[in-house]
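Taking it in order: structure first as structure tokens, then the write-up.
Computed over heavy atoms, backbone and side chain alike; hydrogens, waters and symmetry mates excluded.
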Amino acid sequence: MKKIQMVDLKGQYQGIKDIVNPSIQEVIETTAFINGPKVHEFQKNLERYLNVKHVIPCANGTDALQIAMMGLGLKPGDEVITADFTFAATVEVIALLNLTPVLVDVNEDDFNINIEAIKKAITPKTKAIVPVHLFGQCANMEAIMEIADANNLFVIEDNAQAIGSTYTYKDGRKLKAGTIGHVASTSFFPSKNLGCYGDGGAIFTNDDELAHRIRGIVNHGMYERYHHDVVGVNSRLDSIQAAVLDAKLPHLDAYNKARRHAAGKYNKAFKDIESIITPKTVNGCDGICDTCDCHVFHQYTLRVKGVDRDALAKHLNEHDIPCGVYYPIPLHNQKAYVDSRYNEADFKITNQLVKDVISLPMHTELDDEQIEFITLTLIKFING
Ligand SMILES: *Cc1c(COP(=O)(O)O)cnc(C)c1O
């Protein structure tokens with residue numbers, strides 16, 4: 001059996017080497033390292049894939065979030081509602097821009113931002129909601145867009161973990177994650193579902209005016225060379241990274257399908273184990289059917305009940321099975337983001353999830369033998 005890895009980038013590279021290498025080589029030969037033709041080609045191809053009017057590449061997913069908020073013209077003191085159970089980047093940029101982060105609780109079943117908690121957190125100062133499509137599945141965007149419309153709020157989708165997933169409305173209408181809100185951000189960090197070989201990110205929007213503003217912001221606030229109309233940043237996607245991404249984009253659906261296949265195998269193996277709660281897909285399709293991309297399993301995250309989670313993690317590691325706890329501390333308890341206005345009683349679910357969750361190896365190269373070894377090792381621990 002191949003050594004099990006949390007993410008197997010080496011194995012994935014072997015399969016696409018013949019496309020990726022010449023694509024990188026071409027950038028080197030032409031020396032168009034910054035804003036070269038590859039960046040534009042990738043941008044156009046991603047716009048087509050997502051069916052969105054504008055993709056604006058930038059340096060990483062954290063920048064993408066920050067630039068999206070700058071583009072919307074959010075001002076110091078504006079309140080921005082986001083999930084308590086996520087990676088810190090989301091709340092970090094809110095705080096960096098001197099906006100006021102308002103963390104709210106999530107759902108127990110899909111780990112995404114809770115709709116009632118959003119409603120409860122809205123004040124006259126609220127300007128935006130940032131749903132994070134955690135672990136590869138969209139938050140309840142239909143309800144979030146309704147709340148935003150009713151309260152005149154912007155919606156910024158943090159789509160770093162769900163690129164390629166599809167959101168289905170109650171009436172059957174489908175949209176790609178990251179094309180539903182007013183603007184969205186994504187990350188091309190190597191381990192993300194569409195990852196490059198360094199840092200990278202992008203902003204998506206269907207709003208022409210906003211796209212224009214953002215294109216200036218990523219480039220020092222310049223709309224005309226050496227005319228700085230607004231305060232901007234320097235945030236670019238390297239041509240070499242764009243070459244990697246453009247070579248990988250045609251494989252994204254197959255990669256996501258491989259992740260779903262692995263998730264399906266895990267789900268099946270754990271189906272009858274009472275103390276394990278497998279990840280729920282909101283439209284009830286189990287996330288594993290071939291016609292549905294509702295979940296792209298950036299992470300495969302279980303909840304364990306009545307089991308010593310940390311002892312389980314140790315047991316897996318002892319059998320050379322890597323695993324992770326995403327995320328071990330609620331954001332509202334992180335030193336940088338404590339706020340006396342928060343009330344522990346409002347974070348019941350996050351406070352519980354941080355104790356229960358464990359993520360298993362999930363990537364495009366997992367084979368059935370590895371999955372069987374992982375599931376048997378885990379079940380053996382649980383059954384004592
Ligand atoms: C990875 C990630 C980011 C940040 O992306 P970087 O490219 O690492 O800056 C932001 N939000 C979420 C939810 C992420 O998973």
Side-chain angles (χ1 to χ4, degrees), residues 61-135 139-141 143-148 150-158 160-161 181-183 185 187 231 233 301 303 309-310 324-357:
T62 310
D63 273 11
L65 270 170
Q66 178 179 333
I67 292 158
M69 289 178 204
M70 290 169 78
L72 292 171
L74 301 182
K75 296 276 176 319
D78 288 350
E79 292 180 3
V80 180
I81 297 173
T82 194
D84 190 37
F85 186 63
T86 179
F87 182 56
T90 325
V91 66
E92 180 178 55
V93 298
I94 298 171
L96 262 178
L97 293 172
N98 286 317
L99 310 172
T100 305
V102 178
L103 295 166
V104 302
D105 212 359
V106 297
N107 302 320
E108 195 174 357
D109 55 0
D110 68 358
F111 310 118
N112 275 321
I113 195 164
N114 180 270
I115 299 304
E116 292 312 313
I118 295 176
K119 287 185 186 160
K120 212 177 133 193
I122 292 174
T123 75
K125 286 187 178 166
T126 308
K127 286 287 150 48
I129 307 169
V130 187
V132 182
H133 302 323
L134 205 71
F135 302 150
N140 184 349
M141 288 305 292
I144 291 170
M145 295 313 289
E146 278 169 19
I147 297 172
N151 294 277
N152 206 15
L153 308 175
F154 293 119
V155 175
I156 305 156
E157 294 172 74
D158 182 342
Q161 302 190 0
H182 300 95
V183 60
S185 62
S187 164
V231 177
V233 294
T301 303
R303 282 182 289 152
R309 190 260 322 263
D310 297 328
V325 173
Y326 312 113
Y327 297 91
I329 304 170
L331 288 179
H332 80 275
N333 285 338
Q334 296 283 2
K335 268 192 208 152
Y337 305 113
V338 289
D339 188 322
S340 58
R341 293 177 312 169
Y342 292 141
N343 184 348
E344 283 303 323
D346 291 329
F347 299 101
K348 273 204 204 89
I349 304 294
T350 303
N351 286 341
Q352 188 60 46
L353 288 177
V354 296
K355 295 186 193 131
D356 295 349
V357 290

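- Residues forming a salt bridge (Lys or Arg N to Asp or Glu O under 4.0 Å) with Arg309 (at least two apart in sequence, or on another chain): none.
- For Lys119, the salt bridge (Lys or Arg N to Asp or Glu O under 4.0 Å) partners are Glu116, not counting sequence neighbours.
- Of all heavy-atom pairs between Thr126 and Ala121, the closest is OG1-O, 3.9 Å.
- Remark: Lys348 pairs with Asp105 by the side-chain contact (heavy atoms from CB on, under 4.5 Å) rule, at least two apart or across chains.
- Partners of Asp346 according to the salt bridge (Lys or Arg N to Asp or Glu O under 4.0 Å) rule, which considers only residues two or more places apart in sequence or in another chain, are Lys120.
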Exercise answer: donor-acceptor pairs, residues 70-77 side-chain atoms, under 3.5 Å, sequence neighbours excluded:
unit_1, atom_1, unit_2, atom_2, d
Lys75, NZ, Gly73, O, 3.1

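- Partners of Glu146 under the side-chain contact (heavy atoms from CB on, under 4.5 Å) rule, at least two apart in sequence or in another chain, are Glu142.
- Using a 4.5 Å cut-off on side-chain heavy atoms (C-beta onward), Asp158 and Ser185 make contact.
- Ala68 and Ile156 make their closest contact through CB-CG2, 4.2 Å (heavy atoms, listed as atom of the first residue, atom of the second, distance).
- Here Phe154 pairs with His182 under the ring pair (Phe, Tyr, Trp, His ring centres under 6.0 Å) rule; sequence neighbours left out.
- One finds the CG atom of Asn107 at 9.0 Å from the CD1 atom of Ile113 (value rounded to the nearest 0.5 Å).
- Of the inter-residue distances, the one linking Ile349 atom CD1 with Phe111 atom CZ reads 11.0 Å to the nearest 0.5 angstrom.
- Among residue pairs with one or both ends in residues 125-134, those qualifying as salt bridge (Lys or Arg N to Asp or Glu O under 4.0 Å) are Asp78-Lys127; sequence neighbours excluded.
- Here the closest non-hydrogen pair linking Leu65 and Thr90 is CD1-CA, 3.7 Å.
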Distance-only donor-acceptor pairs under 3.5 Å for side chains of residues 81-89, two or more places apart:
unit_1, atom_1, unit_2, atom_2, d
Thr82, OG1, Val130, O, 2.8
Asp84, OD1, Leu331, N, 3.2
Asp84, OD1, His332, N, 2.8
Asp84, OD1, His332, ND1, 3.2
Asp84, OD2, His332, ND1, 2.7

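- Residue Val132 comes nearest to Asn112 through the heavy atom pair O-OD1, 2.7 Å, listed as atom of the first residue, atom of the second, then distance.
- Across Val91 and Pro101, no two heavy atoms sit closer than the pair CG2-CB, 3.5 Å.
- In this structure, the side-chain contact (heavy atoms from CB on, under 4.5 Å) partners of Asp339, at least two apart in sequence or on a different chain, are Arg341, Tyr342.
- In this structure, Leu134 and Tyr327 have side chains that are in contact, with non-hydrogen atoms separated by less than 4.5 Å.
- In plain terms, the two heavy atoms of Val354 and Asn351 that are nearest each other are CG2-O, 3.2 Å.
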Inset, instruction - Could you go through the side-chain contact (heavy atoms from CB on, under 4.5 Å) check for Met141 and Val155 one step at a time? - result: CA-CA 9 Å; Met141 288 305 292; Val155 175; 3.8 Å; yes
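- Taken from CG in Asn114 to CZ in Phe347, the straight-line distance is 11.5 Å, to the nearest 0.5 Å.
- Within the 4.5 Å cutoff, the side chain of Ile129 has heavy atoms near those of the Ile147 side chain.
- Note that CZ of Arg303 is 9.0 Å distant from CD of Gln352, once rounded to the nearest 0.5 Å.
- Side-chain contact, Glu79 with Thr123: a donor N or O sits under 3.5 Å from an acceptor N or O.
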Legend entry - Derivation and outcome, side-chain contact (heavy atoms from CB on, under 4.5 Å), residues Val80 and Val102: CA-CA 6 Å; Val80 180; Val102 178; over 6 Å; no
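- Not counting sequence neighbours, Val338 has no partner by the side-chain contact (heavy atoms from CB on, under 4.5 Å) test.
- A distance of 4.5 Å separates CG in Asp63 from CD1 in Ile67, rounded to the nearest 0.5 Å.
- A search for salt bridge (Lys or Arg N to Asp or Glu O under 4.0 Å) contacts involving Asp109 returns Lys280, not counting sequence neighbours.
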